[in-house]
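Residue numbers start at 1 and run along the sequence shown.
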Amino acid sequence: EVQPVESGGGSVQAGGNLTLSCVLFGYTFRTGCMAWFRQAPGEEREGVAGFYTAGGGSFYADSVKGRFTISQDRAKNTVYLHMNTLKPEDTAIYYCAAGTAGYCATLRSRDGYDSWGRGTQVTVSA
């Protein structure tokens, strides 16, 4: 069973930076996909950034392009979300998601992932 575990959330002022980490217990990076989603109060969960672990494609939400970067460290079974120049509208709970073989048809869709972390809160103040 794959279990993503997020960490690194916190409170920062606008313009600040944070890096989120997601350790993937029980996951193989050979095939599948990884992503970060976020959900603000009263809003739907949206895809922030994701990629196919074997290469071949990635995505970023328009709202974070140029500010956020997703990366992986296979040796540590970890995926990161580097968030720069944070804005108050980035405030949300951030979730790590993993898709195993048979999923990952659409990176931006929640349906593309079968394992989810519990989330980590990011709060950006003006």
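Seen from the ring of Y95, R118 does not count as a face-on cation partner, given the 6.0 Å and 45° thresholds.
Counting non-hydrogen atoms of other residues, nucleotides and ligands closer than 6.0 Å to CD of Q13 gives a total of 12 or fewer.
Without hydrogens or angle criteria, R110 side chain to E46 main chain gives no donor-acceptor distance under 3.5 Å. Side-chain N or O atoms of S109 include none that pairs as donor or acceptor with a backbone N or O of T106 at under 3.5 Å. A donor-acceptor pair under 3.5 Å is formed between the side chain of T78 and the backbone N or O of K76. Of the possible donor and acceptor atoms, one in the side chain of E6 sits under 3.5 Å from a partner among the backbone N and O of C96.
When F51, F59, Y80 are each tested for a side chain to side chain contact (heavy atoms under 4.5 Å, CB included) with I70, only one passes: F51.
Contact detail for A105 and Y52: the closest heavy-atom pair is O-OH, 3.8 Å. Nearest approach of T85 to R67, heavy atoms of both residues: O-NH1, 2.9 Å. Taking each heavy atom of G32 and C104 in turn, the nearest pair found is C-SG, 3.5 Å. Listed here is the closest heavy atom pair of P4 and C22: CB-SG, 3.6 Å. Residues M34 and V79 approach most closely at CE-CG2, 3.7 Å, considering heavy atoms. Nearest heavy atom pair, residue G117 against residue Q3, reads CA-NE2, 4.3 Å.
Counting only N and O atoms by type, the side chains of T100 and D114 include a donor and acceptor under 3.5 Å apart. Under the 3.5 Å distance criterion, with hydrogens and angles disregarded, no donor-acceptor pair is assigned to the side chains of T120 and R38.
By the criterion of side-chain heavy atoms lying less than 4.5 angstrom apart, applied directly or through intervening Ile, Leu, Val, Met, Phe, Trp or Tyr residues, V12 is grouped together with V48 in one hydrophobic cluster.
Between D62 and K65 there is a salt bridge, since a side-chain N of the basic residue sits under 4.0 Å from a carboxylate O of the acidic one.
The distance from atom OG1 of T19 to atom CG of N84, rounded to the nearest 0.5 Å, is 7.0 Å. In this structure, CG on D90 lies 4.0 Å from CZ on F68, to the nearest 0.5 angstrom. Y60 contributes atom OH, which lies 11.5 Å from atom CG of L107 (distance to the nearest 0.5 angstrom).
H82 places none of its side-chain heavy atoms less than 4.5 Å from the side chain of N17. Contact annotation: the side chain of V122 approaches that of L18 to within less than 4.5 Å [non-hydrogen atoms, C-beta and beyond]. The closest side-chain heavy-atom distance from L20 to W36 is below 4.5 Å. A heavy-atom distance below 4.5 Å is found between the side chains of Y94 and L81.
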>> What verdict does the ring-ring contact (aromatic ring centres under 6.0 Å, His included) test give for F37 and Y113, after you've listed the backbone C-alpha separation in whole Å, the side-chain angles of each residue and the deciding distance to 0.1 Å?
In response: CA-CA 11 Å; F37 284 71; Y113 305 88; 5.4 Å; yes
